[in-house]
Amino acid sequence: MDLAAALDRAPTGERPRFDLAAGALVGGRCANCRATAWPARAVCHRCGGADVRLGAFARTGTLVSCTRVMVPRPGLDSPYMLGQVRLDDGPVVFGQILGLDDPEAVPCPVAVQVGEARYWFTPHAGACMSRPPGGRIETRISSDEMGN
């Protein structure tokens, strides 16, 4: 694996993460194996290739897991929701979920919202329904989707 090409890439903190005009997250897609990552990496996490291309991901995805957090953080009053969203054409991304009151309502279609220095996810109107009592839905996330 030749990593010399990756040495000329900007450090992770300097790579774009948002496309404000498109309202989308910007990440990397490997030209060799098509693996995706957000934020973009200099080297593909799956195949080790250095031909990782930047691009905007879909503005929609599926909430696959979430939790209600009861501990406040700077800028976040409790309770608030955090979750994992599998973008329709990209990786699984962790972020805040706004407008979802029931953590049992997964999987659930969501939209990506992008602001100046942050992003979040909102459920599609009326699309996130609670499961029936005792109902169970399993969603598995591969290590490739998690960037491991």
Side-chain angles (χ1 to χ4, degrees), residues 1 3-130 137 139-148:
M1 157 178 23
L3 300 179
L7 296 175
D8 293 332
R9 299 261 163 76
T12 301
E14 295 176 13
R15 291 187 202 124
R17 294 177 187 228
F18 310 111
D19 180 341
L20 293 176
L25 298 177
V26 173
R29 183 177 311 274
C30 178
N32 299 324
C33 72
R34 309 296 297 156
T36 56
W38 188 86
R41 298 175 179 204
V43 176
C44 176
H45 66 276
R46 184 185 295 157
C47 73
D51 191 3
V52 177
R53 299 175 185 178
L54 293 178
F57 291 126
R59 296 187 61 219
T60 55
T62 302
L63 177 64
V64 295
S65 72
C66 65
T67 189
R68 180 176 288 124
V69 180
M70 302 305 288
V71 179
R73 301 282 304 153
L76 289 174
D77 294 329
S78 64
Y80 56 94
M81 301 286 280
L82 296 176
Q84 292 177 303
V85 172
R86 179 181 289 122
L87 297 177
D88 288 341
D89 67 346
V92 173
V93 178
F94 185 78
Q96 186 177 12
I97 313 298
L98 296 179
L100 179 69
D101 296 325
D102 184 3
E104 297 292 316
V106 295
C108 170
V110 295
V112 176
Q113 308 293 322
V114 176
E116 276 297 320
R118 66 181 289 249
Y119 67 97
W120 62 96
F121 303 99
T122 57
H124 292 292
C128 298
M129 308 304 263
S130 296
I137 299 173
T139 303
R140 299 188 186 273
I141 300 172
S142 73
S143 61
D144 280 345
E145 290 175 302
M146 292 301 300
N148 297 328

How far does OG1 of T67 sit from OH of Y80, to the nearest 0.5 angstrom?
10.0 Å
Mind checking the CG-OG1 spacing from L100 to T122? Nearest 0.5 Å is all I need.
10.5 Å
Minimum heavy-atom distance A42-V52, with the two atoms named:
O-CG2, 4.0 Å
Quick one: does L82's side chain get under 4.5 Å of Q96's, heavy atoms only?
yes
Can you measure from CG (L87) to CG (L25) and round to the nearest 0.5 angstrom?
6.0 Å
Salt bridge (charged side-chain N to carboxylate O under 4.0 Å, His left out) involving R73 - partner list, sequence neighbours excluded
none
Give the minimum heavy-atom separation between V106 and C66, together with the two atoms involved.
CG1-SG, 3.9 Å
Which atom of T62 lies closest to which atom of P107, heavy atoms considered:
CG2-CB, 3.7 Å
Considering residues at least two apart in sequence or located in another chain, which fulfil the salt bridge (charged side-chain N to carboxylate O under 4.0 Å, His left out) criterion with D19?
none
Could you check whether any side-chain N or O of R15 sits under 3.5 Å from a backbone N or O of A10, counting only pairs where one atom can act as donor and the other as acceptor?
yes
Name the orientation class of the two ring planes belonging to Y119 and W38 (parallel below 30°, tilted from 30 to 60°, perpendicular beyond 60°).
perpendicular
Using every non-hydrogen atom in the two residues, find where R59 and A24 come nearest and quote the distance to one decimal.
CG-CB, 4.0 Å
Residue from V93, V92, V110 passing side-chain contact (heavy atoms from CB on, under 4.5 Å) with R86:
V92
Minimum heavy-atom separation for A35 to C44, with atom names?
CB-SG, 3.9 Å
From the options D88, V112, D89, select the one residue that forms a side-chain contact (heavy atoms from CB on, under 4.5 Å) with F57.
D89
Going from CZ on R41 to SG on C30, what distance comes out if it is rounded to the nearest 0.5 angstrom?
11.5 Å
Interatomic spacing from CG in N32 to CZ in R46 - rounded to 0.5 Å
11.0 Å
Side-chain contact test, heavy atoms from C-beta onward, threshold under 4.5 Å: evaluate it for R9 versus V43 and give yes or no.
no
Compare every heavy atom of M70 with every heavy atom of P79, then report the nearest pair and how far apart it is.
CB-SD, 3.5 Å
Suppose we screen for side-chain hydrogen bond (donor to acceptor under 3.5 Å, both in side chains). Which residues come up paired with R68, at least two apart in sequence or across chains?
none
With rounding to the nearest 0.5 angstrom, report the CZ to CG distance, F121 to L98.
10.5 Å
